[in-house]
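See below for the structure under consideration.
Throughout, protein chains are lettered first and strands after them, A, B, ... in sequence-line order, and every chain is numbered starting at 1.
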Protein chains: 2
Amino acid sequence: MSDNITIKDIAKLAKVSYSTVSRSLNDSPLVSEITKNKVIKIAKDLNFEFNANARGLILSKSNAIALVLSNKFSYLDTNSYQGLLLKSYLDIIDKKGFDLILLKQQDFINTNNIVIQHIKSKKIDGLIFLVENPNKETLSIINKLKFPVIFVHYPPTPELKNFNIIYSDYYKGGRLLADHLLKKNHIKFTILCNDKYNEEYYLREKGFCDEIKRHGGIINKLSCELNFFSAVECCEENIESITKTTALFGINDQIALAAMKVLSEHEIKIPNDIAIVGYDNSELSMYSSPSLTTINLNRDQMVQSCIENLIIQIKNANKKVIPNEIIILDPLLMERASS
Amino acid sequence: MSDNITIKDIAKLAKVSYSTVSRSLNDSPLVSEITKNKVIKIAKDLNFEFNANARGLILSKSNAIALVLSNKFSYLDTNSYQGLLLKSYLDIIDKKGFDLILLKQQDFINTNNIVIQHIKSKKIDGLIFLVENPNKETLSIINKLKFPVIFVHYPPTPELKNFNIIYSDYYKGGRLLADHLLKKNHIKFTILCNDKYNEEYYLREKGFCDEIKRHGGIINKLSCELNFFSAVECCEENIESITKTTALFGINDQIALAAMKVLSEHEIKIPNDIAIVGYDNSELSMYSSPSLTTINLNRDQMVQSCIENLIIQIKNANKKVIPNEIIILDPLLMERASS
DNA sequence: CTGAAAGCGCTTACAG
DNA sequence: CTGAAAGCGCTTACAG
């Protein structure tokens, strides 16, 4: 028997029409149990698999979901988080019987948009966007097509108001960290963040600062680029103002660890002299010395809900009933040795 | 015009047969420039994309490559490395015009092997295996099918002798670290590794130990599980024997960082009291305090060569000429503050 | 319950 | 250079 077995080969062996083979292998109720079992046995013995292209062509679906990553994924700096997310997506999408295709959003204006290409060529049934600034033209086409899509991780922007979104409550995460430190009787705080407007980081910062101010705390705000080395530099330049405070919030784990490194090198004891907290619950945060207090974004929950929502959309794709759900996840304080 | 444009729609508008449309859009030399340009313009105006399933069906190819990850990918412990690899694969596969599909190798005996399923259903044109112990049954089927495949990262085992492989010279990496420490006049060394047989880690260890012994050094060998917390425990239990040596090699960065954490907590100065080196050049190694001397596996080179080799196989798939190449990459010493 | 037939959207020999 | 036709491997009304 050749490598390429089709339902016609099975039909010959089972002495039935290939329509019947198709029905049997698709578990149609229109076939007798006896015929069905005979066909299934033969197919199994031959290690038969449906040709996905033929099926996709006639059914107009691919059983694949694309995860769109931003170009930033290329920079390790702020995005080790994304790498970790991938394994969750793979696990869950796999369990649901879909394929996971990875796509990169190109950031230049692209006439030849890879996401739209995949939709139009029927390579995918649904889309997950894990990008901060989705291409607007792409958004408008997806919206017009009513193509199943969900946006994850980033807080919603006005352009996303017609879409399904799932993200974490960053404001609340900031507040949790502030509460934690206030409970430990800190009064003077340093926050290490970035001035450039970014909704997610803005909310982290605002949640923290609002809460601190509400309790009469004092904040020393420092700005740096959102990468380790820039944060190191910033801390070294501002070591004096930092040491006038007793608690430091790095807007993400990497920034917090940079601060930890600089302070350690200056013989400042953590958490005794200065408490440090981060945000993301990255792998880094567990392995640092001391381990870092941080915020858990509830990644697995996010992925789980994201996929479930998307699959509902895919199953109802023809009905054009868009649930238009906005899911906001509760962040979790991870109390560790650094505070 | 409807959302689903086919070559027939274009044919009508261009007033040619749809064969001619197909030829024009595939840049066949059998069409006049005038006709071709007319057709191309119309297709562009309509944002036409070929139906990938129809094309895949007739051409018997999918333009997709699957990256097979091991179940271990689920554990963050030893595999943050894999997360970083992904971005390289995505970048390069994307550049070559292929789709990247992620697959998990199931470790139980699977009648319903997902990798074979993807091959037989024509969902993929080639395979990259990033798994330590590929399923033997899968290997034998792939071999029989002469399906394009390459195995990356792990040193070859006997079962892989008919396949293309690319990996780093782990023995040499171990030697580089030994040489580096010997040059700094260390004589007594601790190595933190795992006793269970694993070719890659065995080579790292052997490369290191052979070189040390050749120079008359003394080795204190400690065993732990290959994760951060087990390494921490091991170091705490063996702090006495460790402090009798002046240099420590953690078999990977995570192990080395665990040692760094424990030693710091015991007020042991790094690198003055004890030098520490790791292996992998993981993100963690750059951000630790002090930053960690380690071995760079030349990840980008590995991915680049891997994809190039695979695409050559895909292009020659019909010719059944298997190049059977074994590519061994040179490791690189990353000298940092910890040694 | 089963089979013959049409059709999904392409590519490509074949004929002109 | 162009078109009509066959066929890739399926699904599913339609007829019985």
Side-chain angles (χ1 to χ4, degrees), chain A residues 1-40 42-43 46-63 117-123 125 317-318, chain B residues 1-40 42-43 46-63 117-125 318:
Chain A
M1 184 63 56
S2 114
D3 283 343
N4 278 321
I5 297 152
T6 71
I7 54 173
K8 293 194 181 178
D9 299 318
I10 296 174
K12 264 180 221 152
L13 290 168
K15 300 196 171 71
V16 293
S17 75
Y18 66 89
S19 323
T20 299
V21 173
S22 171
R23 289 197 189 95
S24 299
L25 297 179
N26 284 306
D27 202 25
S28 157
L30 292 175
V31 194
S32 76
E33 281 303 307
I34 299 170
T35 312
K36 192 182 283 184
N37 289 333
K38 183 170 65 176
V39 170
I40 289 174
I42 293 172
L46 297 178
N47 287 314
F48 170 77
E49 294 290 340
F50 281 117
N51 181 309
N53 289 316
R55 273 197 130 184
L57 178 56
I58 194 99
L59 297 174
S60 225
K61 66 173 186 174
S62 63
N63 264 302
Q117 250 177 45
H118 276 73
I119 296 176
K120 294 207 163 192
S121 64
K122 310 267 191 238
K123 281 184 170 179
D125 298 335
N318 41 346
Chain B
M1 183 63 54
S2 113
D3 282 344
N4 277 322
I5 297 151
T6 70
I7 54 173
K8 293 192 181 178
D9 299 318
I10 295 174
K12 264 179 220 151
L13 290 168
K15 300 198 170 73
V16 293
S17 72
Y18 64 89
S19 323
T20 299
V21 173
S22 170
R23 289 196 189 95
S24 298
L25 298 179
N26 285 304
D27 202 25
S28 155
L30 293 173
V31 194
S32 77
E33 281 303 307
I34 299 170
T35 312
K36 192 181 285 185
N37 289 334
K38 183 170 63 176
V39 170
I40 288 173
I42 293 173
L46 297 177
N47 286 315
F48 170 78
E49 294 289 340
F50 281 118
N51 182 308
N53 289 315
R55 272 196 132 184
L57 178 57
I58 194 100
L59 298 174
S60 225
K61 66 172 186 174
S62 63
N63 264 304
Q117 250 177 43
H118 276 74
I119 296 177
K120 292 207 164 192
S121 63
K122 311 267 191 240
K123 282 184 169 179
I124 53 174
D125 298 335
N318 42 345

**Asked** When we call it a touch if two heavy atoms are under 4.0 Å apart, what does B/Leu59 touch: a base, just sugar-phosphate, or nothing?
**Response** sugar-phosphate
**Request:** Please determine if a side-chain N or O atom of A/Ser17 lies less than 4.0 Å away from the OP1 or OP2 oxygen of C/dG3.
**Result:** yes
**Request:** Check whether any side-chain N or O of A/Asn26 sits under 4.0 Å from OP1 or OP2 of D/dT11, and answer yes or no.
**Result:** yes
**Prompt:** Out of curiosity, B/Leu25 CG to B/Lys36 NZ, how far, rounded to the nearest 0.5 Å?
**Reply:** 10.0 Å
**Asked** Which part of the nucleic acid, if any, lies within reach of B/Thr6 when heavy atoms closer than 4.0 Å are counted: base, sugar-phosphate only, or nothing?
**Response** sugar-phosphate
**Asked** Atom NZ of B/Lys8 and atom C1' of C/dG9: how far apart are they, to the nearest Å?
**Response** 7 Å
**Item:** Rounded distance in Å between the C1' positions of C/dG16 and C/dT12
**Value:** 16 Å
**Request:** Kindly say if A/Arg55 contacts the phosphate of D/dT11, meaning a side-chain N or O under 4.0 Å from OP1 or OP2.
**Result:** yes
**Out of D/dG3, C/dC1, D/dC10, whichever nucleotide has its closest atom nearest the side chain of A/Leu30** = C/dC1
**Prompt:** Any side-chain N or O of A/Ser32 less than 4.0 Å from the OP1 or OP2 oxygen of C/dT2?
**Reply:** yes
**Prompt:** Mind checking whether B/Thr6 and B/Asn51 have side chains closer than 4.5 Å, heavy atoms only?
**Reply:** no
**Request:** Would you mind telling me which residue lines up with the more 5' stretch of DNA chain D, B/Pro29 or B/Tyr18, judged by nearest nucleotide?
**Result:** B/Pro29
**Rounded distance (Å) that lies between atom C1' of C/dC10 and atom CG of B/Asn53** = 11 Å
**Asked** Please give, in whole Å, the distance from D/dC1 P to B/Glu33 CD?
**Response** 8 Å
**Message:** Does the structure show a Watson-Crick or G-U wobble partner for C/dA4, both distances under 3.5 Å? Name it, or say none.
**Reply:** none
**Complete:** Walking DNA chain C from its 5' end, the first of A/Thr35 and B/Ile7 to be reached, judged by nearest nucleotide, is A/Thr35
**Fill in**
Closest to the side chain of B/Arg23, out of D/dT12, C/dC14, C/dC10, is C/dC14
**Item:** Length of the NZ-P vector between A/Lys36 and C/dG3, whole Å
**Value:** 15 Å
**Request:** Measure the shortest side-chain to side-chain distance between A/Asn47 and A/Glu49 over non-hydrogen atoms and say whether it is less than 4.5 angstrom.
**Result:** no
**Message:** Tell me the interatomic distance from B/Asn4, atom CG, to C/dC10, atom P, rounded to whole angstroms.
**Reply:** 10 Å
**Between C/dC8 (P) and B/Phe50 (CZ): distance, integer Å** = 17 Å
**Request:** Considering only atom P, compute the distance from D/dG9 to D/dA13 and round it to an integer number of Å.
**Result:** 23 Å
**Atom-pair distance (CD1 on B/Ile58; P on C/dG7), nearest Å** = 18 Å
**Prompt:** For B/Lys122 and D/dC8, what is the distance between atoms NZ and P respectively, to the nearest whole Å?
**Reply:** 13 Å
**Request:** Could you walk me through whether A/Asp9 and A/Phe48 pass side chain to side chain contact (heavy atoms under 4.5 Å, CB included), step by step?
**Result:** CA-CA 10 Å; A/Asp9 299 318; A/Phe48 170 77; over 6 Å; no
**Request:** Decide side chain to side chain contact (heavy atoms under 4.5 Å, CB included) for B/Val16 and B/Arg23; before the verdict, give the C-alpha distance in whole Å, the side-chain angles of both, and the deciding distance to 0.1 Å.
**Result:** CA-CA 11 Å; B/Val16 293; B/Arg23 289 196 189 95; over 6 Å; no
**Prompt:** Is any side-chain N or O of B/Ser19 closer than 4.0 Å to OP1 or OP2 of D/dG3?
**Reply:** no
**Asked** OP1 or OP2 of D/dG3 less than 4.0 angstrom from a side-chain nitrogen or oxygen of B/Thr20, does that happen here?
**Response** yes
**Request:** Could you check which nucleotide pairs with D/dA13 in any of the strands shown, counting Watson-Crick or G-U wobble with both distances under 3.5 Å?
**Result:** none
**Message:** With a 4.5 Å cut-off on side-chain heavy atoms, are A/Leu13 and A/Leu46 touching?
**Reply:** yes
